[in-house]
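What follows is a short report on a single structure.
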Amino acid sequence: LPISLPVMSDPARRPPLMPLDDALARLLALAAPLGRTDQVSTFDADGRVLAQDVVSPLQVPPADNSSMDGYAVRTADVTAAGVELPVTQRIAAGQPGTALPPGSAARIFTGAPMPAGADAVVMQEDTETLEGGARVRIQVVPAPGQWVRRAGEDVMRGATVLHKGERLAPAGMGLAAGIGLNQLLVASRPRVALFSTGDELVMPGDVAPQDMKPGAIYNSNRFFLRALLTRLGCEVSDLGIVPDNRAATLAALQSAAHGHDLILTSGGVSVGEEDHIKPAVEQLGALDLWQIAMKPGKPFAYGHVRRGEGDAAHFMGLPGNPVSSFVTFLLLVRPFLLKLQGATALAPAAMAMRADFSLPKADKRREFLRARRNAEGGLDLFGNQSSGVLTSAHWADGLIDLPAGQTIAEGDVVRFIPLAELLA
Ligand code: AMP
Ligand code: MG
């Protein structure tokens, strides 16, 4: 071979790494929205994905109203400071007023409808009460429209206030209620079967720390994966730790395929690993082991488990290393589950931030570094970026998305994805 040629590794043994964006695009192409919907109380809609547009049948506010406690006036009557007017009515919130006679003022309170004819409110701090409230002295010259909230300034009648595919959050729930909706049509919760693999795994509570056998570790993935799934609006069947043998794995997969949209496992997807997931999923459906060009999180499996004629549950296998499991969930499983619910916004918002540290060593893979915003408006890096160190994910409040082959010098601007975006 000419020595100038790069040495190629054996493609059969070491498949080329798949760019993360390609892996995500493939997964999203396979995530056909489930199409099942539920009618839920607006109270219970937090985090759910809307299954239809919400169009307002009315305007909000319904009528012009005062945004201050004070006096409603006709500005034509108050052309100079010090004008005195008789107070002809009192309008509290929830009460309709009557038309304001020219040359008079109405005592008015925040949220009360403007009486016909009045075109401004003078706040009570700019007035002086006379004759026990029968008259008022207006100390300022009001501008037309002053302290008046216009009918429809929040929501116009016929406006689409919430959109199909949006994930409901508290403000949207309030908005829906504000136009009279006590029920909302949302996508049904994806049903996810979760299990962990690995004979080294022990459940906390089953064995006390001082009694742990050499080589045994507690199952931490099960706890954060279940919480992540629940936060994403999933109905989780936690199948626990599946024993490391073929029959048990087959039985677990087969029963999980019924009644679940996705089977999610952690561990046992590294290339060449002696494990039962791969042959078992292949026996019941199909499985692809992907080597994704990301760090942490290289090994990832996608496949399906048949449950009937032309029907199958999705299968996803996450790496066992806790940080790899955590990050691949956030970057691959999360958008997949959102798409199953018909959500339109799948990519987390990122921001440009200054690195207050340096990272002199580049990696061949795209990295997702655990980092945290500091009080100076920059980012600090967690010292140990090993995929087994879950402390990094706990310490961090976001991930730096660093392109393959790049280093970071102090002061560089990097792409930062807040964990708040990914955990919502
Ligand atoms: P694997 O992907 O199965 O090769 O596992 C990679 C590493 O992650 C090993 O050190 C495992 O012990 C560890 N691991 C696998 N599953 C879990 C789990 N559920 N909780 C904590 N660590 C795990
Ligand atoms: Mg394992």
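One-based numbering, in listed order, for ligands and for the atoms of each. These values consider heavy atoms only, across backbone and side chains, with no hydrogens, waters or symmetry-generated copies.
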Based purely on interatomic distance, does [X] place a nitrogen or oxygen under 3.5 Å from a nitrogen or oxygen of ligand 1?
{"X": "G268", "value": "yes"}
{"X": "R222", "value": "no"}
{"X": "L201", "value": "no"}
{"X": "S196", "value": "no"}

So, [X] versus [Y]: side-chain donor-acceptor pair below 3.5 Å or not?
{"X": "T160", "Y": "D53", "answer": "no"}
{"X": "R107", "Y": "Q124", "answer": "yes"}
{"X": "T344", "Y": "H163", "answer": "no"}
{"X": "T110", "Y": "D69", "answer": "yes"}
{"X": "S196", "Y": "N221", "answer": "no"}

Out of S220, G267, S266, indicate the one that has the non-hydrogen atom closest to atom 20 (N) of ligand 1.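 The nearest heavy atom belongs to S220.
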
Does Q59 use its side chain to pair, donor to acceptor, with the backbone of V155 at less than 3.5 Å?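 It does not hold such a pair.
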
Would you confirm whether R415, through its side chain, and P403, through its main-chain N or O, come within 3.5 Å as a donor-acceptor pair?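 No, because the side chain of R415 does not come within donor-acceptor range (under 3.5 Å) of the backbone of P403.
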
Could you list which atoms of ligand 1 come closer than 4.0 Å to a heavy atom of [X]?
{"X": "N219", "value": "18 (C), 19 (N), 20 (N)"}
{"X": "I217", "value": "12 (O), 21 (C), 22 (N), 23 (C)"}
{"X": "Y218", "value": "20 (N), 21 (C)"}

Heavy-atom pairs closer than 4.0 Å: do any link ligand 1 to the side chain of P299, the backbone, both, or neither?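 For P299, no heavy atom sits under 4.0 Å from ligand 1.
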
